[in-house]
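Written below as structure tokens is the structure these notes are about.
Letters A, B, ... mirror the listed sequences (proteins, then strands); counts begin at 1.
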2 protein chains.
Amino acid sequence: MPLPQTEAPGRLQAELMSRGLRMTRQRRIILSVVETAKQHLDASQILRKARKLDSQVDRVTVYRTLSLLKRHGLIDELDLMHMQGEKHFYERRPQRDHIHMACLRCGKISEFESNLFDRLKGQIQRDCQFHIVVTRLEVGGYCAQCRTASAA
Amino acid sequence: MPLPQTEAPGRLQAELMSRGLRMTRQRRIILSVVETAKQHLDASQILRKARKLDSQVDRVTVYRTLSLLKRHGLIDELDLMHMQGEKHFYERRPQRDHIHMACLRCGKISEFESNLFDRLKGQIQRDCQFHIVVTRLEVGGYCAQCRTASAA
DNA sequence: ATCTAGTTGCAAGTGTGTTGCAATAAGATT
DNA sequence: AATCTTATTGCAACACACTTGCAACTAGAT
């Protein structure tokens, strides 16, 4: 049974192939899960979704693939303030870095892009002579809804 | 054998006592380890240092004390870009937040305070109506030394 | 069709952090 | 100073995320 390999290959798959890496059945599945994710997924969620597409995907392969994508700078790893144990979450690396805000009450994760953040990174590179490869800015606190809810 | 309890109690101990928490022998030791740390320590390093002062400190007590301090906002938890496995590192919460930069080559951790960072936090609070409790900005990349070293 | 090195799956292992519960001790009360 | 109450501790067992060694497999080149 052929895989839905004719679907648009997706940027992740194209990127990996252009780097001379082998495109296995398992990798294709894991990449598609990561690419089509509508929210931040952790390794076990990725495994579960991958198995729905092909029960022949191992936990270890998920870890190895995530680590590969991370090494190649194609995905970012998030901690989301460790609100749900010690899980790590993953998302495709975006064009422009963004901030993750985690509400300590309702658990909602929101994202925010900011010119100030871009300028701050520039300042770090200049003032500290530090060549930035990856950044992670996470903020814990209370979102607008939960602020008004608790004020009521 | 009395403990060196007559030493200046330290801010952490004073803070906890002012909040009506019991000051046990174990807590005093763990607090002093955290307060006098010259670098970022993880839980197992804290345990080891605590045991040097009193072999009667349990691993669990270290975890519980760190979690207590974190809940009370007296220490911050760092991931330092997960360069050394999944450890978490701890430091006393400073007056002013700072950025942690982790060199991916030599592993050095440097810190940086920035007005832009302060302004960015202000922007988040305003634009997102998000009440910030804690922030963590970690940057991975290459420090000045390692940049020049690899250019050579 | 064949080859070879990159990749996978299994099983076992590592390490961090957590939980239930009986024993202990801090700090208040008398 | 003795007593009391309840927070805290230590132990043992557990939970879970992630890793490693290695034989079997297979993608992509020849």
Does a side chain donor of either [X] or [Y] reach within less than 3.5 Å of an acceptor in the other side chain?
| X | Y | answer |
| --- | --- | --- |
| B:Gln45 | B:Lys87 | no |
| B:Thr24 | B:Arg28 | no |
| B:His82 | A:Glu77 | yes |

Between [N] ([atom2]) and [X] ([atom1]): distance, integer Å:
| X | N | atom1 | atom2 | result |
| --- | --- | --- | --- | --- |
| B:Leu16 | C:dG27 | CG | C1' | 15 Å |
| A:Arg22 | C:dT7 | CZ | P | 6 Å |
| B:Leu68 | C:dT18 | CG | P | 13 Å |
| B:Met23 | C:dG27 | CE | C1' | 12 Å |
| A:Asp79 | C:dT16 | CG | C1' | 14 Å |
| B:Gln56 | C:dT24 | CD | C1' | 12 Å |
| B:Arg71 | C:dT18 | CZ | C1' | 13 Å |
| B:Ile29 | C:dA25 | CD1 | P | 14 Å |

Minimum-distance nucleotide to [X] side chain [options: [options]]:
| X | options | value |
| --- | --- | --- |
| A:Arg27 | C:dT7, D:dC18, C:dG17 | C:dT7 |
| B:Thr24 | D:dA17, C:dG17, C:dA26 | C:dA26 |
| A:Gln26 | D:dT9, C:dT7, C:dT8 | C:dT8 |

5' priority, DNA chain D, between A:Asp42 and B:Val57 [closest heavy atom]: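 Closer to the 5' end of DNA chain D: B:Val57.
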Most 5' of B:Glu86 and B:Thr61 on DNA chain D, judged by nearest nucleotide: B:Thr61
Check the phosphate of [N] against [X], side-chain N and O only, distance under 4.0 Å to OP1 or OP2. Yes or no?
| X | N | result |
| --- | --- | --- |
| A:Lys87 | D:dA17 | yes |
| A:Arg25 | D:dT26 | no |
| B:Tyr63 | C:dG17 | yes |
| A:His88 | D:dC18 | yes |

Side-chain-base donor-acceptor pair under 3.5 Å for B:Arg59 and C:dT16: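 Result: no qualifying N/O pair found.
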Under 3.5 Å donor-acceptor pair, A:Arg64 side-chain atoms to C:dG9 base atoms: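 Indeed there is one.
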Residue whose nearest DNA chain C nucleotide is more 5′ - B:Glu77 or A:Arg51: A:Arg51
Residue met sooner reading DNA chain C from 5', once B:Ser67 and B:Leu21 are mapped to nucleotides: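 It is B:Ser67 whose nearest nucleotide is closer to the 5' end.
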A:Arg119 vs A:Gln123, side chain to side chain contact (heavy atoms under 4.5 Å, CB included): CA-CA, chis, key distance, verdict: CA-CA 6 Å; A:Arg119 285 172 56 196; A:Gln123 186 191 44; over 6 Å; no
Salt bridge A:Arg136-A:Asp79, side-chain N to carboxylate O under 4.0 Å: yes
Geometric class of the B:His40/B:His100 ring pair [parallel <30°, tilted 30-60°, perpendicular >60°]: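 Perpendicular: the ring planes of B:His100 and B:His40 meet at over 60°.
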